[in-house]
Engineer: 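I'd like to ask you about the structure that follows.
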Amino acid sequence: CAAVLAKEAKNGSRVVIFHLTLGEGGNPKMTPEKYGKQKRREAIAAAKAIGAEVLFGPYSDGELPNDEPTKRSIADVIRKVKPTHIITHWRNSIHKDHANAHAIVMDAVLLASLEGVISDHPRHRGVKGIYFTENWEDPEGFTPFFYVNVTNELGQWKKCVTQYRFIKGGISAFPYLEYYQALARVRGAEAGVKYAIAFNVDPYEKKRVVDALP
């Protein structure tokens with residue numbers, strides 16, 4: 001979704017990318033410690049490429065805990081950053097960190113809004129929407145609900161994501177760059193534009209109540 005983040009930053013929004021883990025276990029040719037340092041540098045460069053800020057969590061790759069302390073920690077970040085919109089993973093994934101991130105964020109948004117939850121920061125009730133990204137590892141049950149035209153941001157997206165070595169190739173056999181560019185073209189075709197990014201939302205957010213047919 002970096003193309004959407006780039007578009008928001010260009011339109012004057014504050015964009016903050018929060019990495020719960022560094023993904024340091026994903027390079028079979030490097031130690032997690034060494035690769036983690038590389039991934040941190042890459043994440044900082046990627047955020048800079050789209051005019052975003054970047055934050056890092058303390059959790060290890062593959063070991064993100066879906067527990068109360070983690071939820072409260074993320075709720076504190078939400079209270080500090082005060083986002084109006086949050087983008088995170090879809091609920092179903094072959095990667096346990098992705099599924100846990102979804103569950104953690106959903107609960108953390110609630111915890112951040114409650115006056116009775118003790119924190120050093122005042123509660124934040126300003127989250128207007130939570131959106132779920134399309135990811136090749138999170139396909140089960142994902143249905144595109146709305147589309148964002150990113151035709152003019154695709155070049156900036158490419159500059160952002162290629163800050164990562166694994167996107168450029170040589171670490172994983174999966175063709176990340178080609179896959180996501182092709183996916184943006186497919187979603188663009190569905191939306192009637194050249195390139196688009198699709199998001200899903202929770203089913204309860206899809207409900208519309210009207211007095212007559214629009």
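If you read the sequence from its start, that first residue is 1, and numbering goes on from there.
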Engineer: Is any side-chain heavy atom of Tyr180 less than 4.5 Å from a side-chain heavy atom of Trp157?
Structural biologist: yes
Engineer: Return the CG to NE2 distance between Asn92 and His102, rounded to the nearest 0.5 Å.
Structural biologist: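 Here the interatomic distance stands at 8.0 Å.
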Engineer: State whether Glu190 and Arg187 are salt-bridged, where the test is any N-O pair (Lys NZ or Arg NE/NH1/NH2 against Asp/Glu carboxylate O) under 4.0 Å.
Structural biologist: yes
Engineer: Indicate the ring-plane relationship of Phe142 and Trp90, choosing parallel, tilted or perpendicular according to the 30° and 60° boundaries.
Structural biologist: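 Answer is perpendicular, since the angle exceeds 60°.
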Engineer: Should the ring pair His98 and His89 be called parallel, tilted or perpendicular, given that the plane angle runs from 0 to 90° and is split at 30 and 60?
Structural biologist: parallel
Engineer: Holding to salt bridge (charged side-chain N to carboxylate O under 4.0 Å, His left out), I want the full list of residues that pass it with Glu178, two or more places apart in sequence or in another chain.
Structural biologist: none
Engineer: Knowing that exactly one of Gln38, Arg40, Lys39 qualifies, which makes a side chain to side chain donor-acceptor pair (under 3.5 Å) with Glu42?
Structural biologist: Gln38
Engineer: Just wondering, are more than 12 heavy atoms of other shown residues or ligands nearer than 6.0 Å to CD in Glu33?
Structural biologist: no
Engineer: Does Phe132 offer a backbone N or O that forms a donor-acceptor pair with the side chain of Thr88 under 3.5 Å?
Structural biologist: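 A pair under 3.5 Å: no.
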Engineer: Before giving the answer on ring-ring contact (aromatic ring centres under 6.0 Å, His included), spell out for Phe166 and Tyr176 the whole-Å C-alpha distance, their side-chain angles and the decisive distance to 0.1 Å.
Structural biologist: CA-CA 8 Å; Phe166 81 93; Tyr176 287 95; 4.9 Å; yes
Engineer: Applying salt bridge (Lys or Arg N to Asp or Glu O under 4.0 Å) as the test, list every pair that has at least one member in residues 102-116; sequence neighbours left out.
Structural biologist: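 Listed by first then second residue: Lys71-Asp107, Glu115-Arg123.
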Engineer: How about Asn200 and Thr143: does a side-chain donor come under 3.5 Å of a side-chain acceptor?
Structural biologist: no
Engineer: Examine Leu177 and Ile197 and state if one hydrophobic cluster contains both, with Ile, Leu, Val, Met, Phe, Trp and Tyr joined whenever side-chain heavy atoms are less than 4.5 Å apart.
Structural biologist: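 Hydrophobic grouping puts Leu177 with Ile197.
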Engineer: Calculate, to the nearest 0.5 Å, the distance between atoms OG1 and NZ belonging to Thr84 and Lys128 respectively.
Structural biologist: 6.0 Å
Engineer: Is the closest side-chain donor-acceptor distance between Asn152 and Lys194 under 3.5 Å?
Structural biologist: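 There is no such pair (donor and acceptor under 3.5 Å, judged by atom type) between the side chains of Asn152 and Lys194.
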Engineer: Using side-chain heavy atoms (C-beta onward) and a distance below 4.5 Å, is Phe18 in contact with Val54?
Structural biologist: no
Engineer: Any salt bridge (Lys or Arg N to Asp or Glu O under 4.0 Å) pairs touching residues 46-65, not counting sequence neighbours?
Structural biologist: Arg14-Glu53
Engineer: Enumerate the residue pairs fulfilling salt bridge (Lys or Arg N to Asp or Glu O under 4.0 Å) with a member in residues 79-105, sequence neighbours excluded, ordered by first and then second residue.
Structural biologist: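 Residue pairs passing salt bridge (Lys or Arg N to Asp or Glu O under 4.0 Å), neighbours aside: Arg91-Asp202.
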Engineer: With under 30° as parallel and over 60° as perpendicular, where do the rings of Tyr131 and His85 fit, or are they tilted in between?
Structural biologist: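 Parallel: the ring planes of Tyr131 and His85 meet at under 30°.
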Engineer: For the residue pair Asp120 and Asp76, establish whether any side-chain heavy-atom pair is separated by less than 4.5 Å.
Structural biologist: no
Engineer: Taking atom types as modelled, is there a side-chain donor on Thr151 or Asn149 under 3.5 Å from an acceptor on the other?
Structural biologist: yes
Engineer: Could you state the interatomic distance from CZ (Arg41) to CG (Leu22), rounded to the nearest 0.5 Å?
Structural biologist: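 It comes to 11.0 Å.
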Engineer: Parallel, tilted or perpendicular for Trp136 and Phe174, by the 30°/60° rule?
Structural biologist: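 The arrangement is parallel - the two ring planes meet at less than 30°.
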Engineer: Are there over 12 heavy-atom neighbours, none belonging to Lys206, within less than 6.0 Å of that residue's NZ?
Structural biologist: yes
Engineer: Do the rings of His19 and Phe56 sit parallel, tilted or perpendicular, given the 30° and 60° boundaries?
Structural biologist: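 Parallel, since the angle between the ring planes stays under 30°.
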Engineer: Where do Ala49 and Gln156 come nearest, in terms of heavy atoms and distance?
Structural biologist: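 Heavy atoms only, the tightest pair is O-NE2, 3.2 Å.
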Engineer: Is there a donor-acceptor contact under 3.5 Å linking the side chains of Thr70 and Asp67?
Structural biologist: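 The answer is yes; a qualifying pair exists.
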Engineer: For the residue pair Pro65 and Tyr59, establish whether any side-chain heavy-atom pair is separated by less than 4.5 Å.
Structural biologist: yes
Engineer: Please determine which of Val109, Val77, Ile78, Ile130 meets the side-chain contact (heavy atoms from CB on, under 4.5 Å) test together with Pro83.
Structural biologist: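 In the set Val109, Val77, Ile78, Ile130, the residue that makes a side-chain contact (heavy atoms from CB on, under 4.5 Å) with Pro83 is Ile78.
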Engineer: Decide if atom CZ of Arg185 counts as having more than 12 heavy atoms of other residues, nucleotides or ligands within a radius under 6.0 Å.
Structural biologist: yes
Engineer: Who else is in the cluster with Leu114 when I, L, V, M, F, W and Y are joined by side-chain contacts under 4.5 Å?
Structural biologist: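 So far as hydrophobic clustering goes, Leu114 is joined with Leu110, Leu111, Val117.
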Engineer: Test of understanding: clusters of I, L, V, M, F, W, Y form through side-chain heavy atoms closer than 4.5 Å, transitively. Do Val105 and Val4 belong to the same one?
Structural biologist: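 In one cluster with Val105: Val4, no.
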Engineer: Restricting to pairs with a member in residues 151-162, which pass salt bridge (Lys or Arg N to Asp or Glu O under 4.0 Å), not counting sequence neighbours?
Structural biologist: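 Salt bridge (Lys or Arg N to Asp or Glu O under 4.0 Å) check on residues 151-162 returns Lys10-Glu153.
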Engineer: Give, for atom CG of Asn135 and atom CG of Leu183, the distance between the pair rounded to the nearest 0.5 Å.
Structural biologist: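 Separation between the atoms: 10.0 Å.
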Engineer: Between Thr21 and Gly23, is there a donor-acceptor pair closer than 3.5 Å when you use the side chain of the first and the backbone of the second?
Structural biologist: yes
Engineer: Can you confirm whether Leu64 sits close enough to Ile104 that some side-chain heavy atom of one is under 4.5 Å from a side-chain heavy atom of the other?
Structural biologist: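 Yes, their side chains come closer than 4.5 Å.
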Engineer: Working to the nearest 0.5 angstrom, can you tell me the gap between Cys1 SG and Glu134 CD?
Structural biologist: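 So the SG of Cys1 and the CD of Glu134 are separated by 11.5 Å.
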